[in-house]
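The analysis underlying the following values was restricted to heavy atoms, covering all of them including side chains, and did not include hydrogens, waters or symmetry mates. Residue indices begin at 1 and follow the sequence shown.
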Amino acid sequence: MLLGEHPWPDPLQALYAQVAGATPEALLASRPQWAEQLSDWLRRATLEEREQARSATWTRLDTGTRSPGELLFLMAHCGELLWPYSDAPSELLQRLIARRAQLVQSWQEDGRGESEEVGALTRQVEGELGKVLARHLKRHPDALRRLVGGVRCAFDGRVLRFNDGVKDGVEVDLKVLLGPDKRLIGRLDQLRELLPHLREGRDKLVTFIRERATRIPWAECRDILEEKLFQLVASAEGPGELRGFLGSYPQGKREARWCARASLLLARNLEEGGSVSVIQNLSELLGNFEAPVQGLRGALHALVASLHGPGEYTRRRRVADTCWEHLVPKAEPGLALVLLWVEEHLFREALRQGLPEAFERRNRARERVRGLAVADTLGWLAEECAELWPRLESERRPGADELAAWRREVTQRCAKKPPLRKAAMEFFLWCAPDAAASEAELVTLSLVKTSTDRRLLRKLGEHPATRVRFRVRAINAWLAAGPESAEPETPATLTGALRHLRSAGALSLGGGRTWLRDRDLEELLLGAFGRVERDFSARYPEHAREDEASLVTRLLEDLAREFDSIRSDLSILLSQGQPVPLELSFRFRRRPAPEGGPGPEDGARPAGVALAFVLDVAVDGFLTTKRAALVRARKLESRGEGQWAPQLRLGREQVDELLGRSESSFCLFLGPPAPRAECWMVPARLVRGLMEAQASLSTVPRESVQRVGRSLAQWMTYELLGLWTGDDRPGVLEWTQDGAANGPEFVVDISVRKNAR
């Protein structure tokens, strides 16, 4: 026995040695005797002895050079010796067929290949191979692919025949393999995996799988098939496997839940830079869904959402190419318009990155829609929006008159033909960024001309994109407010449009959450402060090495510009001659540092920067208040590229000094987005408690600050301007004046004048 081979049971050891050393003539003559001995042993063998014989047989069949006697003993009785007690061996059938070929070759070399006795033994060996495969499949029905891997097969409508080098082949009756319906799903999936290995009968096997699958109630197998489908998506399998899966289970092409899940996964993979193969599989899967499920819309929804955020050009390019493959522009001009706009966006991104074939890809996209009668208008609209919408999100925002002229031209070009109106309505509601939401709603209003357009607008309320559904609700509210017979008038300016939306209830109305008693105004203030805060936090890693004074100066300058913008927005919202209900003023000044005095970082403990927010409020000319909120600003220190300190350095004596001056004191912590892009405002007394809990004299935990802190935008809107904080004592107000000793480095003066409406 060779090293590493499992030993035979004692009764079989001598028999195997006798057979292995016999000559071919003696082997054929004595075969009936040792076959009878083996049968007697099998009738008396225990389970442990059978398992020992199985291990010994498999190790000798799997490896090593064997004599003709050994091969005949092992192959002629493998059905009795290879019992399937353990796991199914990988590529079992292929390895047994290889040993069978060696046995036949040895007979041919001895000149016995054509004898009648050898022919009978050959047929017996083939029968034993079928017996081994049948027994393993019966015990391991879900291991069909594993057992027959590497062997080509054919299907005649009833029987799978594996004939890789075998004359008649090894047959598997599918009625026996499939068994009861309870386990039918997994076994049908095993058969589906054999489709790429079929020599003939592929269509017959696909038909067989479909017919058997239709017998299973869809409600029972839907969840199982869904998980199998998305396992295929996450694997390295190509689009062919996905098409084969959906071809075997065609009801899945109409499953809305599968489509929504694939669209969500595609959006997440595009946003987070997922695997290119997974993105390709998801986009290919979405392209194969049928009506009424809009699979292509799901893929485009993920692609459009990724264009408004971070993402990689290669992955977006792959999804766009797949969408073009499945799109029929004549049937869906609206989706063609969306894809043209995506191509314009990708074209500009490719130019910025210096990628080749940017112009060729753009031209090929336009050629795809060249057969449409409205192709020129679609191309013009896609190019115009790709140019205009980024400007609305930047400092180059066009004026109200420019936008009104642009809306008028869009209406003139698109409102004449119903297919153009349908395509443009979905496009504007779907693809316009948040900065262009008002423009999108206005253009859509101007395109609603007939009752058919209104029905289409209501149908868009079930669109897969959340942005579309919300915008449709606002427009439907305005349409419902007017008479059904009258066509909506096109608002001439942004001011008129906002008045329409406000009168229809699309803009929130109500008493508000503060003494201002105007929820719209509060939302305007909160949104403005939030934009400044998010932009500052997002850019913080670029300026993290600057001192607190420079960082605070940049933050206050941005807030001052936003206050100017708020005043401009308020004047636009008002009708001509209407008094301004609220006057806002925001100014800040920095006290000059004393000559020869210590710097902000020269103390025994980290000091930070002191600020004072002084709020002066006058309501209707008779109710006034002036108060100050003291703030100590401190930054989060960087420890390398993308690494941040776990503690915020702040001296306990500075916190005590702040609380000694006023109980209405806060600490402002500046840092990068973690997890939200915001600056953390924490009451000084709470910071003092956190330092006490950590027994720290100079630091406060960053995680604790994130957990208890409030964003700067919310603090300024609802606490500072809402008059829920601040100290109106004369001593505190005097300390904020320029002549006060050891006063704050920055003084922020905010004035609010509210007139009666």
**OP:** Any chance you could measure Arg316, atom CZ, to His345, atom NE2, to the nearest 0.5 Å?
**Re:** 6.0 Å
Original post:
Would the number of heavy atoms belonging to other residues, nucleotides or ligands and lying under 6.0 Å from CD of Glu360 be above 12?
Top reply: yes
Original post:
For the side chain of Glu332 and the backbone of Pro329, is there at least one donor-acceptor N/O pair under 3.5 Å apart?
Top reply: no
Subject >> From CA spacing to verdict: side-chain contact (heavy atoms from CB on, under 4.5 Å), Arg222, Arg257 >> reply: CA-CA 10 Å; Arg222 179 179 56 187; Arg257 191 172 67 183; 3.5 Å; yes
Original post:
Within a strict 4.5 Å, meaning less than it, do heavy atoms of the Trp644 and Arg639 side chains meet?
Top reply: no
Original post:
Strictly by modelled atom types, are Arg317 and Thr314 linked by a side-chain donor-acceptor pair under 3.5 Å?
Top reply: no
Original post:
Is atom CD of Glu200 surrounded by more than 12 heavy atoms (other residues, nucleotides or ligands) closer than 6.0 Å?
Top reply: no
Subject >> Contact check, side chains of Glu48 and Glu51, non-hydrogen atoms, under 4.5 Å >> reply: no
Subject >> Arg364 atom CZ, neighbour heavy-atom count above 12 within 6.0 Å >> reply: yes
**OP:** Output, in order, the C-alpha distance, side-chain angles, deciding distance and verdict of side-chain contact (heavy atoms from CB on, under 4.5 Å) for Asn281 and Leu232.
**Re:** CA-CA 9 Å; Asn281 287 344; Leu232 279 178; over 6 Å; no
Subject >> Non-hydrogen side-chain atoms of Lys253 and Cys259 separated by less than 4.5 Å >> reply: no
Original post:
Would a 4.5 Å heavy-atom cut-off, applied to side chains only, mark Val319 and Val342 as touching?
Top reply: no
Subject >> Geometric cation-pi criterion Arg261 and Phe230, 6.0 Å radius, 45° cone >> reply: yes
**OP:** Please indicate whether Glu703 has more than 12 foreign heavy atoms, meaning atoms of other residues, nucleotides or ligands, lying under 6.0 Å from its CD.
**Re:** no
**OP:** Inspect the contact between Glu343 and Arg361 and indicate whether a charged nitrogen and a carboxylate oxygen are less than 4.0 angstrom apart.
**Re:** no
**OP:** Indicate the atoms forming the closest heavy-atom contact of Phe289 with Gly252, along with that distance.
**Re:** CE2-O, 3.3 Å
**OP:** Report yes if the side chains of Val338 and Val304 come closer than 4.5 Å at any heavy-atom pair, otherwise no.
**Re:** yes
**OP:** Find out whether Thr322 and Gln280 are in side-chain contact, i.e. whether some heavy atom of one side chain is under 4.5 Å from a heavy atom of the other.
**Re:** yes
Original post:
Any side-chain heavy atom of Gln52 within less than 4.5 Å of one from Trp8?
Top reply: no
Subject >> Contact check, side chains of Glu284 and Glu325, non-hydrogen atoms, under 4.5 Å >> reply: yes
